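In what follows, a structure is listed as structure tokens, so that the remarks can point back to it.
Small disclaimer: the values here were computed from a predicted structure and weren't measured. Residue numbers start from 1 in every chain, and the chains themselves are labelled A, B, ... in the order their sequence lines are given, proteins ahead of strands.
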Amino acid sequence: MTEHMEIQKIYNPKTIESKWYKFWEEKGFFHAKVTRNKKPYTIVIPPPNITGILTLGHVLNNTIQDIFIRWKRMAGYEACWIPGTDHAGIATQNVVEKSLAEKGLTKEKLGREEFIKKMWEWKEQYGGTIIKQLKYLGTSCDWTRERFTMDEGLSFAVRRVFVELYNKGLIYKGKYIVNWCPRCRTALSDDEVEYRDHDGNLWYVKYPIADSSDSVTVATTRPETMLGDTAVAVNPSDERYKDLINKEVVLPLTDRKIRVIADNFVDPQFGTGIVKVTPAHDPNDFQIGLRHNLRQITVMDETGKMNENAPEQYRGLDRYECRKKILDDLESQGLLLKTEKHTNAVGHCYRCNTVIEPYLSDQWFVKMKPLAQKALEVVLDKKIKFYPERWVKVYQHWMENIRDWCISRQLWWGHRIPVYYCVASNAKSSKEGENTKCPPIVSMEHPDRCPNCSGTDIVQDSDVLDTWFSSWLWPFSTLGWPKENEDLKYFYPTNTLVTGPDIIFFWVARMIMSGLEFMDDVPFRDVYFTSIVRDIKGRKMSKSLGNSPDPLDIIDEYGADALRFTIVYLAPTGQDVLFSKEKCEIGRNLCNKIWNATRYILMNLEGFSYSPVENSKLANMDKWILNEYNLLAKNVHSSLERFNINETVRLIYDFFWSKFCDWYIELTKPKLSTDSPEKVVCQTVLVEVLVGTLKLLHPIMPFITEEIYQLLKSQPGDKNLLSAESIMVSPFPEFDEKKIFPEDIKEVELIIAVIQNIRTLRTELNVPPKKLFEIIVRTNEENKISILEKYLPNLRLMAKVDKISRYSQKPLHSAVIVLSGMEIYVILEGIIDIEKETARLKKTEEELNARLRSLNSKLENEKFITNAPKDQVEKIKLYSKETQENITRIRNRLASLQ
RNA sequence: GGGCGAUUAGCUCAGUUGGUUCAGAGUACUACGUUGACAUCGUAGGGGUCACAGGUUCAAGUCCUGUAUCGCCCACCA
């Protein structure tokens, strides 16, 4: 090894990362194919929106997926990570409409076909941004399998599913109250509505009773909807209003009279106990309306403006202008009795934040109950496992209270609903009645002619499907379904789904339903719910707060490995993670530590050529680190199996930094400066453990581990250890029972304790850092002295001990350490002060006494002796004895100082 | 109104099956140290009644019950 001087002291990720990503891609390491003698391990990416840019949420999510994929790939699985993007109906259409607006254009001016063309152009230009950004993170996706939810294949799957569900009677069309966004001018599913508390008012409005001077008072938060009232309701058991039932009241501001009805829905305690009923503008009123066969009067249009059904003076007004005018009018007519502050939850469009209007319209729905039942069972039966498990309850609650899914959207960007109407017959039908109307044609392809009347004038339903109607098929549509093929058979069901808990209903639940329905099998075995990334103050990351650092900036400043490491190091399992970019110093510093440990090892490999060493040739310090390393390999495996990545990361960090660097490397320094056969053993173990740890770390920090792997490969010598072309395709370390040495490592643990104690003493006594000193050891165990003597070179380097002597007479100018059946006198002539030493020892004695009391109180407790497990009692006895001995030694010393 | 989660060092969090080893890590702080891997470093140190109150147990951050505070989700109260 000659070129070590060229290796920089500071690890610089910049040039390295792009180099290795390119290398991996060119070698085809990311590509997975059907391989009969290997087990598959599959992950489908939660497809990011094409409008998206990389956020820290994506970083966390995709780092975790990459960890699983890289781990399984190294562990011998055919690891397949399928990437792709989602067309994100509303979000994308909004973006493009906005850019059109800047040019003074609207989608209506362009027309549907031209607009869709523009959408695709936009998608080609910007839709791949997030995919490019993911590559900087090091994600090992199989890019040859990249899919888009509006690809031909996936669109085919969507149509197939629609037709199949329709034929099974699980899709229906109907006129219902839906959540309507007046800005996007589309229906939304229940899940796409976000509720937030609004400080609003509750207005009390007087409705005069017809043919009477009396009146009733109703309370409302949305007075503008009163124009669509078709009844007033009271609770049938409400004694106050018994006489009112079936009477008529005059709807103010209109010339209509409406009936008073009785319905159990009405809560007598709330407001006045009298409710206005607006079947066309409120979901509850809609239900009441059905029960009482009420008229549904829609008084708004799809933009939220009052329509022709409203009295003339309100027509064309926006719903909020109308509200104001109505309140003014009521006021001037003396019908507004009072205004009360009232906070209630108001629904907002999850895409544009506009207040949702419940709106009566024709929409397509999926019947969910039949699908939900099986999907709930597989989770309760643990055929699919959730991590953390508590999400099962949330899932269960939703599944048991599921409502039908509104899947039609009044948008242009998306999968157009595969339903066709015969225009001729419909035109006729309006004139000649229902009988001649042809039924809608539900078909995967555009029909040539109407099967009913052979008419050729056929139009497709103008609506598109909810975006989630394509993504719920993702685990099998990406594998080519509905076409039978080998990939689908081999890679489905997928193994692990990694996603945020915020889309458990949108996506996870629906994928489980569709998997069971169309593949007759679960879509995945395990669902790992990630943390939600928040800023350092616990706020959600958002553009408007400006608290969302750009991951690419972080990668630029700290490196992708540092970012990956830090975010999984910080992310607790299933809790929120509070993140700021400065925290990436943890990861950056670890990179630097790894880098410099490697640099040091390389400097000491001159003339070295690797070949395995037999156990019999290993020194105990070698056995100690191999033992620790083996336990690490075991624990890493088990923590990954349990989906506890946080634990995995901490295990490796602690091992590398606190065991390998702080102790093993330091302990081997004396030997490395000699020219003995022992040196070769040390070099071997250093390289073995370094390479092994790099492999364990590779799924988390792919770039630096590859860089070092290749650096080591470029050294002359035997390549047994580094036979793989790349660390990412090298075998993952496994636990090796033959490298566990419970007895031999004890002396190393003793030496570590001695060094730590001497260091503490030095600091306590302010011993000058360079001062060497002698120690005198008093013990009944001769072998302990031999051990100390054997490690004198280490003690010299790490504790500045230059001589070890046996106890013959009371050492005067010294401080004593009592440890493990030994008294170690540190000879400090001119430094030690008898009074101070006495005080120090007394303090130690007190601490030991306290511990002894606590131990003995257990031993004196009969119940403890009888009830506690035997080994536990023995342990406590042993500790008690040791503590007692240490106290005795300290007391003796104190006596001799007098 | 229901449900879930959190509460451990100044801050961010670990703490499996209860058992001197558990009261810990990182960071911040203090002192000392540039010794040829690393100052993006090393050594040592201070700092916590494990939210509170009960209970179970020989033994409780750890299990149970209740309370408080914070956060999230769900819910048709006009």
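Within the nucleic acid shown, P283(A) has no heavy atom closer than 4.0 Å to any nucleic acid atom. N861(A) comes within contact range of the sugar-phosphate backbone alone, with a heavy-atom separation under 4.0 Å but no base atom that close. Among the heavy atoms of the strands, none lies under 4.0 Å from P768(A). Across all strands shown, K593(A) has heavy atoms under 4.0 Å from base atoms, whether or not it also approaches the sugar-phosphate. Using a 4.0 Å heavy-atom criterion, one finds that I10(A) contacts the bases of the nucleic acid, with or without backbone contacts as well. Among the heavy atoms of the strands, none lies under 4.0 Å from K858(A). Contacts of R403(A) with the nucleic acid, taken as non-hydrogen atoms under 4.0 Å apart, involve only primed sugar atoms and P, OP1 or OP2. Residue-level contact check: E194(A) touches neither bases nor backbone, having no heavy atom under 4.0 Å from any strand. Heavy atoms of D662(A) sit under 4.0 angstrom from primed sugar atoms or phosphate atoms, though from no base atom. Across all strands, C591(A) comes closer than 4.0 Å to no nucleic acid atom at all (heavy-atom distances). Using a 4.0 Å heavy-atom criterion, one finds that R759(A) contacts the sugar-phosphate atoms exclusively. Heavy atoms of W657(A) sit under 4.0 angstrom from primed sugar atoms or phosphate atoms, though from no base atom. Nucleic acid contact class of H342(A) (heavy atoms, under 4.0 Å, all strands): sugar-phosphate only. Residue Y569(A) is in sugar-phosphate contact alone, with no base atom involved, counting any heavy-atom pair closer than 4.0 Å across all strands shown.
Rounded to whole Å, the distance from CG on L667(A) to C1' on U35(B) is 16 Å. When the P atom of U16(B) is taken as reference, atom CG of N646(A) falls 13 Å away, rounded to whole Å. For the pair Y653(A) OH and C13(B) C1', the interatomic distance rounds to 14 Å; values are reported in whole Å. Rounded to whole angstrom, the span from the NZ atom of K669(A) across to the C1' atom of U35(B) amounts to 8 Å.
Under the Watson-Crick and G-U wobble criteria, each requiring two contacts below 3.5 Å, nucleotide U56(B) is left unpaired. In a base pair of the Watson-Crick type (N1 to N3 plus N6-O4 or O6-N4) or a G-U wobble (N1-O2 and O6-N3), with each distance short of 3.5 Å, A9(B) is matched with no nucleotide.
Glycosidic conformation, G47(B): anti, with the torsion outside 90° of 0.
For Q269(A) against A78(B), a side-chain-to-base donor-acceptor contact under 3.5 Å is absent. With hydrogens and angles left out, the side chain of K393(A) and the base of C4(B) share no donor-acceptor pair within 3.5 Å.
The side chain of R390(A) lies closest to G5(B), out of G26(B), G5(B), U20(B).
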Query - Criterion salt bridge (Lys or Arg N to Asp or Glu O under 4.0 Å) on E666(A) and K669(A), from CA distance to verdict - result: CA-CA 5 Å; E666(A) 293 303 323; K669(A) 276 179 178 171; 3.0 Å; yes
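Ring-centre distance between H342(A) and F270(A): below the 6.0 Å cut-off.
With the nearest nucleotide of RNA chain B identified for both W663(A) and K583(A), K583(A) has the one nearer the 5' end. Sequence order on RNA chain B of the closest nucleotides to H397(A) and N344(A) puts H397(A) first from the 5' end.
Between Y11(A) and K593(A), every side-chain heavy-atom pair lies at or beyond the 4.5 Å cut-off.
Partner I594(A) forms a side chain to side chain contact (heavy atoms under 4.5 Å, CB included) with one of N589(A), T693(A), I708(A) and no other, that one being I708(A). Here the rule is ring pair (Phe, Tyr, Trp, His ring centres under 6.0 Å) with F529(A), and of F386(A), F643(A), W507(A) only F386(A) fits it.
Cation-pi geometry between K583(A) and Y558(A) is not satisfied (NZ or CZ under 6.0 Å from the ring centre, within 45° of the ring normal).
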